[in-house]
**Q** 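Can you read through this structure? Questions will come right after.
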Amino acid sequence: MTNDIYGPFPGGAEFLAALTEGQRARYEELGLNLDVVERRIADACTAAGRARDEVRLVVVTKTYPAQDSALLAALGVTDVAENRDQDAAPKAEQCRNLPLDWHFVGQLQTNKVRSVVRYANHVHSVDRPRLVESLSAAVLKAERPELGCLVQVALEKEDGEGEGRAGVSPAQVGALADAIADAPGLRLDGVMTVAPLSGPLAGDPARAFERLAEIATAVRTAHPAATMVSAGMSGDLEQAVAAGATHVRVGTAVLGVRSPLR
């Protein structure tokens with residue numbers, strides 16, 4: 001058997017037997033890390049009185065090689081995220097036969113949209129009307145299924161902070177959500193945020209995610225199907241789960257700290 005970890009059916013005894021020594025070591029490392037993260041999510045759900053299946057783990061594989069994505073698929077991971085198209089596009093192509101659902105979570109330039117819609121099923125970082133228009137046009141041209149989109153919320157902008165940071169202020173969320181919902185080829189899935197680095201909510205992810213929950217509720221009032229709340233990373237996933245996040249984006253806690261790809 002060849003060492004093809006990018007085949008359509010990862011996992012199982014034959015897959016493990018075909019791994020090189022280095023691949024097996026990495027597979028075991030990732031498995032241990034995943035177990036720890038899964039326990040954290042389960043414990044957070046229990047503490048919040050939520051069912052474990054209400055929260056989906058999205059493993060952020062940015063800066064890590066395609067081999068890690070394949071090993072994660074073999075470990076049962078179904079959702080992976082990237083933040084730069086120049087890294088994500090070749091990685092997604094290499095892993096095209098694996099049962100992975102690709103999320104784009106980084107700031108997206110309009111000149112990268114045509115590439116992103118070739119592999120991503122979800123874009124968490126929609127932050128301006130022009131991007132909505134570009135995504136819609138690219139999806140229609142590609143004749144692909146609807147693209148799930150989330151409004152990226154920059155919570156610090158509510159208090160006049162965070163100039164230049166990706167995302168819209170809470171006051172702008174409703175209009176952008178409406179634009180996504182009305183755009184052909186796009187599906188409004190919900191909202192996303194990153195814990196703010198400035199303003200009154202900086203350093204307080206619990207309060208930040210509670211504020212996002214309020215915004216998400218307002219969006220669902222107008223768009224009941226927009227139930228997705230993407231929040232929480234390696235250091236604050238518990239607070240995100242407590243506030244109602246449906247998707248947590250975890251990178252370092254699963255993949256570890258390593259040198260970025262050049």
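Note that the coordinates shown come from a computational prediction; the quantities given were computed from them, not determined experimentally. By convention here, the first residue in the shown sequence is residue 1.
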**Q** Among residues at least two apart in sequence or on other chains, which ones pass salt bridge (Lys or Arg N to Asp or Glu O under 4.0 Å) with Arg220?
**A**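 Counting only residues at least two positions away or on another chain, Arg220 forms no salt bridge (Lys or Arg N to Asp or Glu O under 4.0 Å).
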**Q** With distance as the sole test, does Tyr64 use its side chain to make a donor-acceptor pair with the main-chain N or O of Gly256 at under 3.5 Å?
**A**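 Side chain of Tyr64 to backbone of Gly256: a pair is present.
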**Q** Got a sec, which residues hit salt bridge (Lys or Arg N to Asp or Glu O under 4.0 Å) with Glu146, two or more places apart in sequence or on another chain?
**A**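 Salt bridge (Lys or Arg N to Asp or Glu O under 4.0 Å) list for Glu146, sorted by chain: empty.
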**Q** Decide side chain to side chain contact (heavy atoms under 4.5 Å, CB included) for Phe15 and Ile5; before the verdict, give the C-alpha distance in whole Å, the side-chain angles of both, and the deciding distance to 0.1 Å.
**A** CA-CA 7 Å; Phe15 175 86; Ile5 63 174; 3.8 Å; yes
**Q** Tell me, please, which residues at least two apart from His103 pass ring-ring contact (aromatic ring centres under 6.0 Å, His included).
**A**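 Once residues adjacent in sequence are excluded, the partners of His103 under the ring-ring contact (aromatic ring centres under 6.0 Å, His included) criterion are His122, His124.
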**Q** Walk me through it: do Glu28 and Leu32 pass the test side chain to side chain contact (heavy atoms under 4.5 Å, CB included)?
**A** CA-CA 6 Å; Glu28 292 173 353; Leu32 290 172; 5.5 Å; no
**Q** Got a sec, which hydrophobics cluster with Met233, joining ILVMFWY side chains under 4.5 Å apart, including via others?
**A**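 Taking Ile, Leu, Val, Met, Phe, Trp and Tyr as members, Met233 shares its hydrophobic cluster with Leu150, Met192, Val194, Met228.
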**Q** Tell me the salt bridge (Lys or Arg N to Asp or Glu O under 4.0 Å) pairs involving residues 112-135, sequence neighbours left out?
**A**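 Residue pairs passing salt bridge (Lys or Arg N to Asp or Glu O under 4.0 Å), neighbours aside: none found.
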**Q** Could you tell me whether the side chain of Phe209 reaches within less than 4.5 Å of the side chain of Leu155, counting heavy atoms only?
**A**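 SC-SC contact between Leu155 and Phe209 ruled out.
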**Q** State which residues pass side-chain hydrogen bond (donor to acceptor under 3.5 Å, both in side chains) with Thr193; sequence neighbours excluded, sorted by chain then number.
**A**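 Thr193: no side-chain hydrogen bond (donor to acceptor under 3.5 Å, both in side chains) contacts found.
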**Q** For the backbone of Val117 and the side chain of Arg144, can you confirm whether one donor and one acceptor N or O come within less than 3.5 Å of each other?
**A**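 Between the backbone of Val117 and the side chain of Arg144 there is a qualifying donor-acceptor contact (under 3.5 Å).
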**Q** Looking just at side-chain N and O atoms, do Glu82 and Thr61 make a donor-acceptor pair shorter than 3.5 Å?
**A**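 Thr61 and Glu82 do have a side-chain donor-acceptor pair below 3.5 Å.
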**Q** Is atom CZ of Arg187 surrounded by more than 12 heavy atoms (other residues, nucleotides or ligands) closer than 6.0 Å?
**A**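 Atom CZ in Arg187 is crowded, with more than 12 foreign heavy atoms closer than 6.0 Å.
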**Q** Less than 4.0 angstrom from a charged side-chain N to a carboxylate O is my criterion; do Asp87 and Lys62 meet it?
**A**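 Here Asp87 does not pair with Lys62 in a salt bridge, since their nearest N and O are not under 4.0 Å apart.
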**Q** Name the atoms and distances for all side-chain donor-acceptor pairs under 3.5 Å in residues 173-182, with sequence neighbours left out.
**A**
{"residue": "Asp178", "atom": "OD1", "partner": "His223", "partner atom": "NE2", "Å": "2.7"}

**Q** Do Leu108 and Leu135 have side chains that approach each other closer than 4.5 Å (heavy atoms only, starting at C-beta)?
**A**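 Leu108 reaches Leu135 side chain to side chain.
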**Q** What residues form a side chain to side chain contact (heavy atoms under 4.5 Å, CB included) with Pro184, not counting sequence neighbours?
**A**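 Testing Pro184 for side chain to side chain contact (heavy atoms under 4.5 Å, CB included), a comparison that skips the adjacent residues, returns Ser136, Leu140.
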**Q** Apply side chain to side chain contact (heavy atoms under 4.5 Å, CB included) to Glu214 and list each qualifying residue two or more places apart in sequence or on a separate chain.
**A**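 Testing Glu214 for side chain to side chain contact (heavy atoms under 4.5 Å, CB included), a comparison that skips the adjacent residues, returns Arg211.
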**Q** Whether Glu21 and Arg24 form a salt bridge (side-chain N of Lys/Arg under 4.0 Å from carboxylate O of Asp/Glu) is what I want to check.
**A**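 Answer for the salt bridge query: no.
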**Q** Salt bridge (Lys or Arg N to Asp or Glu O under 4.0 Å): which pairs involve residues 35-48, sequence neighbours left out?
**A**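 Counting only pairs at least two positions apart or across chains, the salt bridge (Lys or Arg N to Asp or Glu O under 4.0 Å) contacts touching residues 35-48 are Glu38-Arg52, Arg40-Glu238.
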**Q** When you measure from the side chain of Arg26 to the backbone of Asp68, do you find a donor-acceptor pair of N or O atoms at a distance under 3.5 Å?
**A**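 Pair absent, no side-chain N/O of Arg26 close to backbone of Asp68.
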**Q** Listed by chain and number, what are the side-chain hydrogen bond (donor to acceptor under 3.5 Å, both in side chains) partners of Ser69, not counting sequence neighbours?
**A**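 Expected list: none.
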**Q** Who are the side-chain hydrogen bond (donor to acceptor under 3.5 Å, both in side chains) partners of Asn83, not counting sequence neighbours?
**A**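 side-chain hydrogen bond (donor to acceptor under 3.5 Å, both in side chains) check on Asn83 returns nothing, list empty.
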**Q** With side chain to side chain contact (heavy atoms under 4.5 Å, CB included) as the test, would you mind laying out the steps for Arg96 and Tyr6 before giving the verdict?
**A** CA-CA 8 Å; Arg96 66 187 182 280; Tyr6 303 101; over 6 Å; no
